[in-house]
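Since the structure comes first, as structure tokens, the remarks are kept for the end.
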Amino acid sequence: MADNYNLLSFSEQELITTKLIELINTFPDLPSIIKKNGVQFYDMFPNSECLGIATLGTPKIISRYIGDSYIGGYNFRLDYRYSTKDPKERINKQSFLSTLGDWLAQKPITKPGNPPTTYRLEKYPEISENITISTIETSDFTILADKNKSGYEDSINDFILRYHYRKDMVIWQ
């Protein structure tokens, strides 16, 4: 079991969240309404299709290395709000969130068609000069979490983002 060290700094959390939102906004199959409105941070439109992101728990330093480099962990949730009464459409909406999760995990995505097309996220964006994303993984399946009275539903999926922080090394001569 990995030791959990100090919390990440607020500036690191802000950098990671900002880059993650930018990355999600580049997903090739993002629904047009989400492209228009962008990914929301901790704020969802009450009666409109939208995609939100929230930090889960407290981000931690997972492993520390000599020279103060470390592996950090950032847990987050994606919440997809949509309206449907059709069971097949509900499956398609939940499938969008699962497909987005697979894309974030750098798995190949195949779209049906003649011929089918395949794409994948080849490289994670650099968070900063010293911070790079190592992996993004889903920690659970996409589930229907809520239905509100106005007919909107929320499907959620939880993720773990691991990143490497490389401290600048000063070499004495």
Exercise for review: Ignoring hydrogens and angles, state whether a donor on the side chain of Thr142 or Gln94 is under 3.5 Å from an acceptor on the partner side chain.
Suggested key: no
**Study point:** Asn25 side chain near Leu30 side chain, heavy-atom distance below 4.5 Å
**Key:** yes
Review point. Taking C-beta and beyond as the side chain, do Tyr80 and Asp154 meet within less than 4.5 Å on heavy atoms?
Key: no
Review point. Salt-bridged, Lys93 to Glu49, with N to O below 4.0 Å?
Key: yes
Review point. Given side chains that start at C-beta, do those of Asn92 and Thr84 come closer than 4.5 Å, heavy atoms only?
Key: no
**Study point:** Any Leu78 side-chain heavy atom under 4.5 Å of Ile156 side chain
**Key:** no
Review point. Are Leu51 and Leu97 side-chain neighbours, meaning at least one heavy-atom pair lies under 4.5 Å?
Key: yes
Review point. Ion pair present between Arg90 and Glu153, side-chain N to carboxylate O less than 4.0 angstrom?
Key: yes
Exercise for review: Begin from the C-alpha positions of Ile16 and Tyr74 and carry the test side-chain contact (heavy atoms from CB on, under 4.5 Å) through to its verdict.
Suggested key: CA-CA 8 Å; Ile16 292 168; Tyr74 177 88; 3.8 Å; yes
Review point. Do the rings of Tyr163 and Tyr70 sit parallel, tilted or perpendicular, given the 30° and 60° boundaries?
Key: perpendicular
Check your understanding: Do Ile24 and Ile53 come close enough that some side-chain heavy atom pair is under 4.5 Å?
Key -> yes
Exercise for review: Answer yes or no: is there a donor N or O on one side and an acceptor on the other, between the side chain of Glu129 and the main chain of Glu126, under 3.5 Å?
Suggested key: no
Review point. Does any non-hydrogen side-chain atom of Phe27 lie less than 4.5 Å from one of Leu104?
Key: no
Check your understanding: Strictly by modelled atom types, are Tyr119 and Asp29 linked by a side-chain donor-acceptor pair under 3.5 Å?
Key -> yes
**Study point:** Any side-chain donor near an acceptor of the partner, Tyr165 and Thr132, under 3.5 Å
**Key:** no
